[in-house]
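Data block below; observations after.
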Amino acid sequence: MTEKKVTKKELRQVFWRSLALQGAFNYERMQNMGYVYAMIPVIKKLYSKQDEQVKALNRHLEIFNTTPAISTTIMGISAAMEEQNANNEGFDDNSINAVKASLMGPLAGIGDSLFWGTFRVIAAGIGISLATKGNIFGPILFLLLYNIPHLFVRIAGLRLGYQVGVSSLERIQKEGLMEKIMAIATTIGLVVVGGMVATMLNVKTPLHFNINGAKVVVQDILNQIFPNMLPLVITFAVFALMKRKVSITKLTLGIIIGGILIHWAGIL
């Protein structure tokens with residue numbers, strides 16, 4: 001059987017499509033639509049059967065969120081792993097999403113610091129200093145100073161991700177390290193999701209009681225028992241309902257209506 005290979009043509013298409021990563025951003029799975037859109041050329045190249053393409057597309061519809069400029073590095077690794085999956089029947093395709101989940105958090109930390117916290121601030125400072133003096137090159141210089149490193153990282157990251165992915169996966173397959181990497185990647189992915197629940201879901205209760213003139217705040221007690229207990233409980237409740245095939249529309253409406261009623265009652 002002829003080995004299926006991702007070419008420079010598909011990688012170029014992935015690069016251009018990656019610019020639309022946040023074009024369909026949503027609060028359920030974040031950048032997943034943009035990610036799967038970028039991966040379509042690779043999937044079409046590697047899988048000829050429709051059911052295989054559908055399975056690969058569904059695989060990349062899982063939650064994804066990272067700094068857009070860094071995203072192509074993960075896309076390159078995903079392309080390399082899809083290539084291995086297409087050529088090796090024994091390849092565990094669950095490892096593709098596990099690796100994605102383990103990389104998106106750490107790379108987002110690096111990308112946010114570099115692009116949102118460094119390049120953008122420096123470029124904006126220089127651009128604004130010129131623009132306030134009426135110099136037309138102010139906004140132009142801002143765009144250049146930010147986008148030159150931005151586009152360079154996108155292009156280089158995609159190539160590096162694919163090359164490192166291919167060479168590393170070949171060694172991993174030979175030495176039988178995939179199970180260990182899967183366990184590590186899954187653990188890191190769960191830590192990332194847990195961190196997102198604790199930091200992005202802000203749920204508190206204003207309930208308090210007066211006992212012998214002393215004010216007892218329920219939220220303080222909950223924090224002493226288990227910090228961020230309420231966000232965790234709500235997350236597990238939503239997850240349980242999703243496993244019972246409750247539609248996202250019903251869940252969203254239920255959360256909105258429930259939140260209004262709870263807020264009105266002063267419970268949360």
Side-chain angles (χ1 to χ4, degrees), residues 8-41 60 63-79 100-164 188 191-204 227-228 231 252 255-256 259 263:
K8 291 182 179 179
K9 177 184 176 182
E10 286 76 46
L11 292 178
R12 282 196 299 269
Q13 291 174 330
V14 170
F15 164 74
W16 288 113
R17 285 169 173 254
S18 73
L19 298 175
L21 180 67
Q22 301 202 102
F25 188 92
N26 60 89
Y27 287 104
E28 181 189 355
R29 299 188 181 183
M30 301 187 174
Q31 298 167 338
N32 70 319
M33 294 294 291
Y35 198 97
V36 75
Y37 173 71
M39 292 298 297
I40 286 175
H60 290 291
I63 186 172
F64 182 81
N65 189 43
T66 195
T67 309
I70 304 292
S71 63
T72 53
T73 304
I74 304 177
M75 290 175 185
I77 294 173
S78 291
K100 280 173 57 181
S102 67
L103 290 176
M104 65 182 185
L107 288 182
I110 297 171
D112 287 352
S113 299
L114 284 176
F115 289 95
W116 300 144
T118 304
F119 293 144
R120 185 178 62 167
V121 174
I122 293 173
I126 296 173
I128 291 171
S129 66
L130 293 175
T132 53
K133 297 175 182 178
N135 194 325
I136 188 62
F137 289 104
I140 295 174
L141 192 59
F142 164 72
L143 292 173
L144 288 175
L145 289 175
Y146 179 78
N147 282 298
I148 287 175
H150 164 226
L151 294 175
F152 172 78
V153 169
R154 276 188 184 266
I155 296 170
L158 180 61
R159 292 178 179 175
L160 179 65
Y162 175 72
Q163 292 169 0
V164 170
I188 295 174
V191 170
V192 171
V193 174
M196 289 172 63
V197 170
T199 57
M200 299 180 68
L201 189 59
N202 186 20
V203 181
K204 296 180 180 179
N228 295 307
T252 304
I255 291 172
I256 293 172
H263 179 74

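Below, all heavy atoms of this structure are taken into account, side chains as well, without hydrogens, waters or symmetry copies.
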Please report the C-alpha distance between Ile74 and Ile77 in whole Å, then the side-chain angles of each, then the deciding distance to 0.1 Å, and finally whether the side chain to side chain contact (heavy atoms under 4.5 Å, CB included) criterion is met.
-> CA-CA 5 Å; Ile74 304 177; Ile77 294 173; 5.5 Å; no
Does the side chain of Ile63 reach to within under 4.5 Å of the side chain of Asn32, using non-hydrogen atoms?
-> no
Cation-pi check, Lys8 onto Tyr162 ring (under 6.0 Å, within 45° of axis) = no
Looking only at non-hydrogen atoms, find the nearest pair between Phe115 and Ile70 and report the distance.
-> CE1-CD1, 4.1 Å
How long is the gap from OG1 on Thr67 to NE2 on His150, to the nearest 0.5 Å?
-> 10.0 Å
Determine the interplanar angle of the Phe64 and Tyr35 rings, folded into 0 to 90°, and report it as parallel if under 30°, tilted if 30 to 60°, perpendicular if over 60°.
-> tilted
Taking all non-hydrogen atoms of both residues into account, name the closest pair between Gln22 and Gln31 and its distance.
-> OE1-NE2, 3.2 Å
Taking the side chain from Asn26 and the backbone from Arg29, do they hold a donor-acceptor pair closer than 3.5 Å?
-> yes
Distance (rounded to the nearest 0.5 Å) between Met75 CE and His60 NE2 | 10.0 Å
Shortest non-hydrogen separation from Met39 to Ser78 and the atoms involved = CE-CB, 3.9 Å
Work out which heavy atom in Ser71 is nearest to a heavy atom in Pro68; give both atom names and the distance.
-> OG-O, 2.6 Å
Under 3.5 Å, which donor-acceptor pairs do the side chains of residues 13-21 form with other protein atoms, sequence neighbours left out?
from: Arg17; atom 1: NH1; to: Tyr37; atom 2: O; distance (Å): 2.8
from: Ser18; atom 1: OG; to: Phe15; atom 2: O; distance (Å): 2.5
from: Ser18; atom 1: OG; to: Arg154; atom 2: NH1; distance (Å): 3.0

Would you be so kind as to tabulate the donor-acceptor pairs closer than 3.5 Å made by side chains of residues 132-145, with sequence neighbours excluded?
from: Thr132; atom 1: OG1; to: Ile128; atom 2: O; distance (Å): 3.1
from: Thr132; atom 1: OG1; to: Ser129; atom 2: O; distance (Å): 3.0
from: Asn135; atom 1: OD1; to: Phe137; atom 2: N; distance (Å): 2.9

Leu158 and Leu11 have their tightest heavy-atom pair at CD2-O, 3.0 Å
